[in-house]
**Q** 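I am attaching a structure below and will ask some questions about it afterwards.
The chains referred to below are lettered A, B, ... by the order of the sequence lines, with proteins before strands, and numbering in each begins at 1.
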There are 2 protein chains.
Amino acid sequence: MSETHEDTNLAAALVGLSHHVLHLFADAGRAHDLTQQQAELVCAVIVRGRVGMSELGRALHMEKSALSNLVDRAEKRDLVTRTRDPHDRRATWVELTPEGARLAEATHDDVTARIKGLVEGLSGQDRAHLTGVLTQLRDAAQG
Amino acid sequence: MSETHEDTNLAAALVGLSHHVLHLFADAGRAHDLTQQQAELVCAVIVRGRVGMSELGRALHMEKSALSNLVDRAEKRDLVTRTRDPHDRRATWVELTPEGARLAEATHDDVTARIKGLVEGLSGQDRAHLTGVLTQLRDAAQG
DNA sequence: TATTGTTATACTCTATAACTATA
DNA sequence: TATAGTTATAGAGTATAACAATA
């Protein structure tokens, strides 16, 4: 197999797997009456503790206006709260409510468990290697 | 690092990377005035040649009604056509129009190129290993 | 009866651009 | 001037359920 052809296979496998992984948020969220985007939002907040709108936009790859709307709806559903940063009054911090934290934890655990189930067919060596490579790729992508 | 902790890292890296990969469709599509979902649709069709609604729904992880709406809009924009299967008149085949095929090829090439750019920092050995593992995971996920 | 797909309804999500407030 | 975020508008995407047609 040529290198180019193999890269094409790599790309196809990565795209198919990415679809599957993000769909896990839809599945896990549905169990708690959260949309996929709401599930991604609360999981992104819980792993960061407290997070600004800009960082959240980068993490979720959303325009600031789309994120503002998403946070609006999440706030109405008592999942998150907004607070102003007193040191830079332009900035907003997003935090989970107790209810949001409860759903976020359940959803995050569910997604993580599903991913663990997905990779359990791999050898420990393959998993360790995969973790290193994926981390490197993700950091390169976000860098 | 414990195995459990390492699996958590694996899950986090996979989620972050999946976000990035699917966002490539949004970027690549925008260059041709396609939404992310339209870009995913025409790319899914071009790699399959001609495809039924059910298979498309599985590939894109969409409910049949959502897919029906997406294909409606794509048909209005002259990206795809629907034809009835004469052997099973319940079934519908989706094909690309010449215009749809042109945009699909450009978008697919663009996404593939971006993914190749992403993995070019890896050694040939790491890439080959990654291709094997990702293919295995994708097939397990879709199986 | 089961399957394939569409339609109806009511939301949620998103992009673009114009806007406010703060730095 | 630049940055952080919101609002307005209009359209795209989605889930649920009810529906029609075919197998």
Side-chain angles (χ1 to χ4, degrees), chain A residues 19 22-42 44-45 50-95, chain B residues 19 22-42 44-45 50-95:
Chain A
H19 266 120
L22 290 195
H23 195 243
L24 294 179
F25 283 93
D27 289 340
R30 196 163 13 238
H32 306 289
D33 198 32
L34 300 177
T35 65
Q36 175 176 341
Q37 288 79 5
Q38 288 170 338
E40 293 180 26
L41 171 64
V42 295
V45 177
R50 190 179 74 152
V51 57
M53 295 288 282
S54 301
E55 183 186 344
L56 215 38
R58 281 191 296 275
L60 299 175
H61 295 290
M62 291 178 69
E63 291 294 320
K64 56 187 180 177
S65 70
L67 179 61
S68 199
N69 288 332
L70 180 61
V71 172
D72 277 354
R73 290 185 296 271
E75 209 173 14
K76 277 187 195 143
R77 287 188 59 169
D78 190 34
L79 300 173
V80 301
T81 59
R82 276 189 251 231
T83 55
R84 273 287 149 88
D85 181 342
H87 302 305
D88 180 349
R89 294 181 39 72
R90 296 171 303 178
T92 297
W93 293 102
V94 177
E95 287 177 279
Chain B
H19 265 120
L22 291 194
H23 195 243
L24 294 179
F25 283 93
D27 290 340
R30 202 171 359 247
H32 306 288
D33 198 32
L34 300 176
T35 66
Q36 176 175 342
Q37 287 79 4
Q38 288 170 339
E40 292 180 26
L41 171 65
V42 295
V45 177
R50 191 180 72 152
V51 58
M53 295 287 282
S54 300
E55 183 185 344
L56 216 38
R58 281 190 295 275
L60 300 176
H61 294 291
M62 293 178 68
E63 291 294 320
K64 55 188 182 178
S65 68
L67 179 60
S68 202
N69 288 333
L70 180 61
V71 173
D72 277 354
R73 289 185 295 271
E75 209 173 12
K76 276 185 194 143
R77 286 187 62 167
D78 190 34
L79 299 173
V80 301
T81 59
R82 276 190 253 233
T83 56
R84 274 287 149 88
D85 181 342
H87 301 306
D88 181 348
R89 293 180 42 70
R90 295 172 302 181
T92 297
W93 293 103
V94 177
E95 288 177 279

**Q** Return the value, rounded to whole Å, for the distance between atom CZ of B:Arg77 and atom C1' of D:dG11.
**A** 11 Å
**Q** In whole Å, what is the span from the NZ atom of B:Lys76 to the P atom of D:dG11?
**A**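 Roughly 12 Å, once rounded to whole Å.
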**Q** Can you list the residues that meet the side chain to side chain donor-acceptor pair (under 3.5 Å) rule with A:Asp78, with sequence neighbours excluded?
**A** none
**Q** Any donor-acceptor pair, under 3.5 Å, between the side chain of A:Arg73 and the base of C:dT12, if you only look at N and O atoms?
**A** no
**Q** Heavy atoms only: give me the nearest A:Leu60-A:Ala44 pair and the separation to one decimal.
**A**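 Result for this residue pair: CD2-CB, 4.1 Å.
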**Q** State, with a plain yes or no, whether a side-chain heavy atom of A:Glu75 is found less than 4.5 Å away from one of A:Arg82.
**A** yes
**Q** Output the single nucleotide from D:dT7, C:dT14, D:dG5 whose closest atom is nearest the side chain of A:Met62.
**A**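 The answer is C:dT14, which lies nearest to the side chain.
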**Q** When the distance from CD of A:Glu55 to P of D:dT3 is rounded to whole Å, what number comes out?
**A** 18 Å
**Q** Atom CG of A:Leu34 and atom P of D:dT14: how far apart are they, to the nearest Å?
**A**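 Roughly 17 Å, once rounded to whole Å.
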**Q** Where the side chain of B:Ala91 is defined as all heavy atoms beyond and including C-beta, which of C:dT4, C:dT12, D:dT16 is the nearest nucleotide?
**A**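 Among C:dT4, C:dT12, D:dT16, the one nearest the side chain of B:Ala91 is C:dT4.
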**Q** In whole angstrom, what separates A:Leu56's CG from D:dG5's P?
**A**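 About 10 Å, once rounded to whole Å.
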**Q** Can you list, by residue number, the residues of residues 63-70 of chain B that have a non-hydrogen atom closer than 4.0 angstrom to DNA chain C?
**A** B:Lys64, B:Ser65, B:Ser68
**Q** If you apply the rule side chain to side chain contact (heavy atoms under 4.5 Å, CB included), what do you find for A:Val80 with A:Glu95, and how did you get there?
**A** CA-CA 5 Å; A:Val80 301; A:Glu95 287 177 279; over 6 Å; no
**Q** Could you walk me through whether B:Asp33 and B:Arg77 pass side chain to side chain contact (heavy atoms under 4.5 Å, CB included), step by step?
**A** CA-CA 11 Å; B:Asp33 198 32; B:Arg77 286 187 62 167; 3.4 Å; yes
**Q** Measure CD/B:Gln36 against C1'/D:dT14 and give the value in whole Å, please.
**A** 14 Å
**Q** Look at the side chain of B:Asp72 and decide which nucleotide, out of D:dT22, C:dT7, D:dA2, has an atom nearest to it.
**A**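 Among the listed nucleotides, the one closest to the side chain of B:Asp72 is C:dT7.
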**Q** Do side-chain atoms of A:Gln38 reach the backbone of A:Thr35 as a donor and acceptor pair under 3.5 angstrom?
**A**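 Flag set: sc A:Gln38 to bb A:Thr35 pair under 3.5 Å.
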**Q** Check step by step if side chain to side chain contact (heavy atoms under 4.5 Å, CB included) holds for B:Gln36 and B:Glu40.
**A** CA-CA 6 Å; B:Gln36 176 175 342; B:Glu40 292 180 26; 2.9 Å; yes
**Q** Give the residues of residues 78-88 of chain B touching DNA chain D, defined as any heavy atom closer than 4.0 Å, sorted by residue number.
**A**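 Listed by number, they are B:His87, B:Asp88.
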**Q** Out of curiosity, B:Asp85 CG to B:Thr83 OG1, how far, rounded to the nearest 0.5 Å?
**A** 8.0 Å
**Q** Report yes if at least one side-chain N or O of A:Arg30 is closer than 4.0 Å to OP1 or OP2 of D:dA15; otherwise report no.
**A** yes
**Q** Round to a whole Å and report the spacing from CD of B:Glu40 to C1' of D:dA12.
**A** 13 Å
**Q** Please confirm whether the shortest side-chain N or O distance from B:Arg89 to OP1 or OP2 of D:dT22 is below 4.0 Å.
**A**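 Yes, such a contact exists.
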**Q** Which label fits B:His19 and A:Phe25: parallel for a plane angle under 30°, tilted from 30 to 60°, or perpendicular past 60°?
**A** tilted
**Q** Between A:Glu55 and A:Arg58, does the side chain to side chain contact (heavy atoms under 4.5 Å, CB included) criterion hold? Intermediate values first, please.
**A** CA-CA 5 Å; A:Glu55 183 186 344; A:Arg58 281 191 296 275; 3.9 Å; yes
**Q** C:dT14, OP1 or OP2 - any side-chain N/O from A:Gln37 closer than 4.0 Å?
**A**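 Result: yes.
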**Q** Calculate the interatomic distance between A:Glu75 atom CD and D:dT7 atom P; express it in whole Å.
**A** 10 Å
